[in-house]
Amino acid sequence: MTADRADLRTASPRGYLTLGRTVAVPVRRVSVVTAVVLLLLTACAAVATLSLGRLGIPLADLAGALTGGAEGKDAFVLERLRGPRLVVAIGTGAALGLSGALFQSVTRNPLGSPDVIGLGSGAGAGAAFVALMLPDTVPVSVGALAGAVLAMVLVYVSTGTGFRNPARLVVAGIGVAAICTAVTQYVVYAMERDRAAVLSAYVNGSLSARAWDDAGTIWLVLLVAAPLCALIARRLDIGEMGDDIAAGLGSEPQRTKTLAVVLAIVLCAGAVSVAGPIAFISLTAAQIAKRVTRVSGPHLLLSAVTGALLLVLADLAAQQLPLFGNLPVGIYTMAIGGAYLGYLLTREWRRGVL
């Protein structure tokens with residue numbers, strides 16, 4: 001009975017939110033309701049981020065502080081300490097969630113994400129190289145972005161077909177990720193203990209000491225990439241029926257896949273440049289969105305909102321849990337990803353797939 005209901009929901013009619021003749025974003029009622037619920041949960045998590053703890057802004061004063069009435073400690077918390085960190089977390093989580101949805105739609109693999117093809121590992125290696133070879137000369141974030149770009153160039157060249165073949169993309173990415181991880185571990189081992197501790201926090205993904213410039217960077221990336229994602233949303237939706245059908249309907253599947261992978265890389269690289277290689281958000285957000293709604297499709301907007309919620313919750317835990325003070329937020333997202341992978345493997349084993 002459950003499988004029948006899932007099939008019915010998957011086959012349920014869908015509508016499109018259109019803008020002229022070029023933009024058509026697939027929309028279903030269950031997706032809209034889910035998005036509203038996730039946005040409300042994200043707002044609650046944001047309020048908790050700003051108000052909890054010894055330095056938190058009291059709830060009674062929070063509305064006034066947000067409308068420009070913050071003074072003294074409240075102004076410091078909102079404008080310097082937690083405000084930029086929260087805005088970066090929302091933007092970074094949204095970018096990673098959207099990136100994962102694009103990548104999984106192209107590869108048709110629930111374990112597919114930019115993490116798999118070595119982008120995060122390349123960012124870590126670039127950050128490590130800059131911290132060791134060019135200390136106080138080149139910002140670590142610039143090194144991370146350069147490492148991510150170089151890793152993607154290596155993947156692009158090594159596949160022999162660019163980004164058009166998902167299977168080759170994943171295999172090449174795993175190899176590049178292994179090389180980059182080895183470079184990072186060597187640098188951390190070779191550096192002085194104090195500097196290595198700082199670098200280790202960055203390569204695991206961290207939102208500490210983020211500024212409004214970082215928030216501007218990630219939201220600019222979203223502002224540029226999100227409209228392009230909307231342009232290919234309908235083609236991705238059609239592509240889930242298979243390349244032959246998609247080609248027959250004029251959606252140009254190979255070109256769409258290449259553009260989707262490029263957009264996924266741009267979004268993930270933007271996230272890495274401001275927060276480091278935060279793991280598993282891009283992997284889990286799209287899958288959570290799909291399993292909550294139980295309908296087919298790339299779920300681009302819903303994955304972005306889910307990613308934002310997951311990262312804000314992980315950062316809230318990083319700030320407020322008393323037993324693990326000062327852990328990078330990436331450690332908590334690894335825990336989320338590990339729990340998800342454990343659930344997925346258990347589910348597949350029960351179904352007899354494994």
Side-chain angles (χ1 to χ4, degrees), residues 34-97 197-198 200-202 204-219 222 271 274-282 284-285 288-289 292 302-340:
T34 303
V36 171
V37 172
L38 290 173
L39 285 171
L40 290 175
L41 291 174
T42 303
C44 292
V47 169
T49 297
L50 295 174
S51 60
L52 291 180
R54 183 171 55 87
L55 295 176
I57 302 172
L59 282 175
D61 301 330
L62 184 57
L66 291 173
T67 55
E71 297 179 354
K73 176 184 76 70
D74 291 351
F76 174 77
V77 170
L78 185 62
E79 297 170 8
R80 299 285 298 277
L81 188 61
R82 296 188 185 179
R85 180 170 181 161
L86 174 61
V87 176
V88 170
I90 294 173
T92 300
L96 291 174
V198 175
S200 179
Y202 184 85
N204 283 313
S206 176
L207 292 171
S208 300
R210 292 303 177 261
W212 290 113
D213 288 344
D214 299 311
T217 298
I218 188 58
W219 282 98
L222 280 171
V274 299
I278 295 177
F280 284 116
I281 294 294
S282 58
T284 56
I288 290 174
V292 168
L302 206 56
S303 298
V305 178
T306 304
L309 174 61
L310 289 176
L311 190 53
V312 171
L313 288 175
D315 190 47
L316 180 61
Q319 294 182 64
Q320 300 300 331
L321 286 184
L323 298 179
F324 309 103
N326 299 320
L327 281 181
V329 69
I331 301 296
Y332 291 91
T333 62
M334 287 181 189
I336 294 172
Y340 165 73

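Everything numeric here is computed off the predicted structure, so don't read it as measured data. The figures that follow rest on heavy atoms only: side chains count, while hydrogens, waters and symmetry mates do not.
Here the straight-line distance linking atom CG of Leu96 with atom OG of Ser303 works out to 11.5 Å at 0.5 Å rounding. Note that CZ of Arg82 is 13.5 Å distant from CG of Leu207, once rounded to the nearest 0.5 Å. The distance from atom OG1 of Thr34 to atom CD1 of Ile288, rounded to the nearest 0.5 Å, is 12.5 Å.
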Name each donor-acceptor pair under 3.5 Å that joins a side chain in residues 37-60 to protein atoms two or more places apart or in another chain, with its distance.
{"residue": "Thr42", "atom": "OG1", "partner": "Leu38", "partner atom": "O", "Å": "2.8"}
{"residue": "Thr49", "atom": "OG1", "partner": "Ala45", "partner atom": "O", "Å": "2.9"}
{"residue": "Ser51", "atom": "OG", "partner": "Val47", "partner atom": "O", "Å": "2.7"}

May I have the list of side-chain donor-acceptor pairs in residues 85-93 shorter than 3.5 Å, sequence neighbours left out?
{"residue": "Arg85", "atom": "NE", "partner": "Asp315", "partner atom": "OD1", "Å": "3.0"}
{"residue": "Arg85", "atom": "NE", "partner": "Asp315", "partner atom": "OD2", "Å": "3.0"}
{"residue": "Arg85", "atom": "NH2", "partner": "Asp315", "partner atom": "OD1", "Å": "2.7"}
{"residue": "Thr92", "atom": "OG1", "partner": "Val88", "partner atom": "O", "Å": "2.7"}

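The shortest non-hydrogen separation linking Ile218 to Ala95 is CD1-CB, 3.9 Å. Closest approach of Thr306 and Ala289 over heavy atoms only: OG1-CB, 4.0 Å. Taking both residues in full, the closest heavy atoms of Pro84 and Leu78 are given as CD-O, 3.7 Å, listed atom of the first, atom of the second, then distance.
Tested against Tyr332 for a side chain to side chain contact (heavy atoms under 4.5 Å, CB included), the candidates Leu310, Leu321, Leu313 yield a single pass: Leu321.
Remark: side-chain polar atoms of Thr333 are not paired, donor with acceptor, to backbone N or O of Ile281 under 3.5 angstrom.
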